[in-house]
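Just the heavy atoms: all of them, side chains too, but no hydrogens, waters or symmetry mates, feed the values below.
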Amino acid sequence: MSKYKVGIVGATGMVGQRFVTLMENHPWFELTVLAASARSAGKTYKEAVGTRWAMTTPMPASVQDMIIKDAEADLDEIASAVDFVFCAVNMKKDEIRALEEKYARAECPVVSNNSAHRWTPDVPMVVPEINAEHIKVIDSQKARLGTKYGFIAVKSNCSLQSYIPALNPLKDEFGLNKALVCTYQAISGAGKTFETAPEIVDNVIPYIGGEEEKSEREPLKLWGKLEDGVIKTAEAPSITAQCFRVAASDGHMAAVFMSFDKKPTIEEIRDRWENYPAADLPSAPKKFLHYFEEDNRPQTKLDRNLENGMAVSIGRLRPDTQYDYKFVCLSHNTLRGAAGGAVLLAELLCKEGYIIPHAERA
């Protein structure tokens, strides 16, 4: 099959850089446009990024001399040159909402890493293995926007990708009624490296702006239902969260406590995790949830790259004195949590016929 032509809006930031690496040799997607702010526009990608390349792999040769477009001034040109864009910009929320809607109204689908549209009722926020059916709300969104091909779809907060996949197969069958979550989040979640965030060395910071609210609220949209052209958020379970920034380069870990209406056995929980189905998509892990028997696993440094960073690691499931059970879990925040999760969402949208190549548009 011919590849979908892809643009990256916000290409010079850390998540944008991760998108660039994920597009290299992707079986479905061909990166054809890079866009960023006006101060980067007109430069080659290599010039614009300069010493800020934060990936562990070299910058792909195919993008080094690509000229960066102005994400706003060149919007119509970009929209006409690609089949869809990934968006990972560093702007105010109202500015992001406006920019993404402009792309959608220009008939360019937007797969967003940003949080600005996560609470727009007709914008799906999707983890393909959890709530793929929510993409159907796109039909209502296109009617509101007055578009035929353009729309916005978003991924959830990066820290959710560690613990929500583990809770999801237990939620309905056993009546998950409450959960307490403490997340230990890597500095790349703030777009930082140890060189640019010296304050984190030998340190833990007990506050990440907005993260606790996202950790408590966003799961309820993931677990919501499509009704009357919008996503109606779920009312349960009750989730409370604390979020810490820790001295790790990549990888968000969570300590999770959970209680149920119908308490399962440990064997039943392990069985649901073991048999959780993987998504049939190019970037999906072969096995979504991996359980470690060792008492000291998962570990951020050892396990964050499991299955190309797209799998979720779980361990230390045991009874708790205040809740029914507790466990720990881990995911790679810029792969499964950010850019990789958005790529997986884009693959789902292509597979289900929501992203239409220009060559096939009527």
Side-chain angles (χ1 to χ4, degrees), residues 111-113 115 117-141 152-183 210-243 252 254-264 268-269 271-273 275-279 281 284 288-289 312 314 323-327 329 331 336-338 341-342 344-345 348-349 352:
V111 181
S112 179
N113 185 74
S115 64
H117 272 293
R118 288 181 191 159
W119 288 100
T120 304
D122 59 8
V123 171
M125 181 175 70
V126 174
V127 177
E129 296 93 342
I130 292 175
N131 63 329
E133 70 280 2
H134 281 194
I135 64 173
K136 295 176 182 177
V137 80
I138 288 171
D139 297 327
S140 300
Q141 183 195 148
I152 303 161
V154 301
K155 52 155 291 296
S156 66
N157 181 264
C158 54
S159 66
L160 270 63
Q161 308 284 341
S162 60
Y163 60 91
I164 294 304
L167 294 175
N168 192 64
L170 313 174
K171 176 179 67 72
D172 292 333
E173 184 175 357
F174 302 112
L176 177 69
N177 56 55
K178 65 178 179 177
L180 183 154
V181 180
C182 295
T183 62
E211 285 293 297
E212 288 163 3
E213 180 186 16
K214 294 173 185 176
S215 298
E216 294 169 355
R217 293 184 63 215
E218 287 188 19
L220 300 180
K221 184 170 182 180
L222 289 177
W223 288 329
K225 301 294 183 184
L226 176 57
E227 296 179 10
D228 301 321
V230 298
I231 303 298
K232 298 286 183 68
T233 59
E235 296 182 357
S238 172
I239 300 176
T240 185
Q242 286 201 102
C243 301
H252 287 356
V256 185
F257 303 75
M258 54 186 181
S259 288
F260 300 91
D261 295 330
K262 178 186 173 184
K263 183 179 177 180
E268 287 174 321
I269 295 172
D271 177 73
R272 300 319 183 268
W273 287 345
N275 293 294
Y276 197 114
L281 298 167
F288 187 29
L289 305 181
V312 175
I314 311 172
Y323 288 71
D324 289 333
Y325 295 104
K326 54 191 170 187
F327 64 92
C329 50
S331 64
R336 164 57 69 168
L344 197 67
L345 172 54
L348 174 68
L349 293 165
E352 297 300 323

Euclidean distance, [Y] [atom2] relative to [X] [atom1], rounded to 0.5 Å:
{"X": "K155", "Y": "L344", "atom1": "NZ", "atom2": "CG", "value": "11.5 Å"}
{"X": "E211", "Y": "T183", "atom1": "CD", "atom2": "OG1", "value": "6.5 Å"}
{"X": "I231", "Y": "L220", "atom1": "CD1", "atom2": "CG", "value": "13.0 Å"}
{"X": "M125", "Y": "E218", "atom1": "CE", "atom2": "CD", "value": "4.5 Å"}

Checklist entry - Is the number of heavy atoms from other residues, nucleotides or ligands within 6.0 Å of CD (E227) greater than 12? => result yes
Tell me, do [X] and [Y] make a side-chain contact under 4.5 Å, heavy atoms counted?
{"X": "M258", "Y": "I269", "result": "yes"}
{"X": "V256", "Y": "C329", "result": "yes"}
{"X": "R217", "Y": "T233", "result": "no"}
{"X": "P165", "Y": "I130", "result": "yes"}
{"X": "E216", "Y": "T240", "result": "yes"}
{"X": "S215", "Y": "V181", "result": "no"}
{"X": "V123", "Y": "I152", "result": "yes"}
{"X": "Q161", "Y": "V312", "result": "no"}

Checklist entry - So, the side chain of E212 versus the backbone of C243: is there a donor-acceptor pair under 3.5 Å, distance only? => result yes
Checklist entry - Backbone N or O of A255 within a donor-acceptor pair of the K326 side chain at under 3.5 Å? => result no
Checklist entry - Among V154, V137, L222, L345, which one satisfies side chain to side chain contact (heavy atoms under 4.5 Å, CB included) with P124? => result V137
Checklist entry - Could you give all pairs that pass the side chain to side chain donor-acceptor pair (under 3.5 Å) test and reach residues 119-140, with sequence neighbours left out? => result H117-T120, D122-R144, E129-R336, N131-H134
Checklist entry - With sequence neighbours excluded, what pairs up with E268 under the salt bridge (Lys or Arg N to Asp or Glu O under 4.0 Å) test? => result none
Checklist entry - Sequence neighbours excluded, which residues qualify as salt bridge (Lys or Arg N to Asp or Glu O under 4.0 Å) partners of E173? => result R272
Checklist entry - What class does the angle between the rings of F174 and F260 fall in, given that below 30° is parallel, 30 to 60° is tilted and above 60° is perpendicular? => result perpendicular
Item to check | L349/I138 under side-chain contact (heavy atoms from CB on, under 4.5 Å): CA gap, chis, key distance, verdict | outcome: CA-CA 10 Å; L349 293 165; I138 288 171; 3.6 Å; yes
Checklist entry - When W273 is tested against each of F327, F288, Y325 for ring-ring contact (aromatic ring centres under 6.0 Å, His included), which residue passes? => result F327
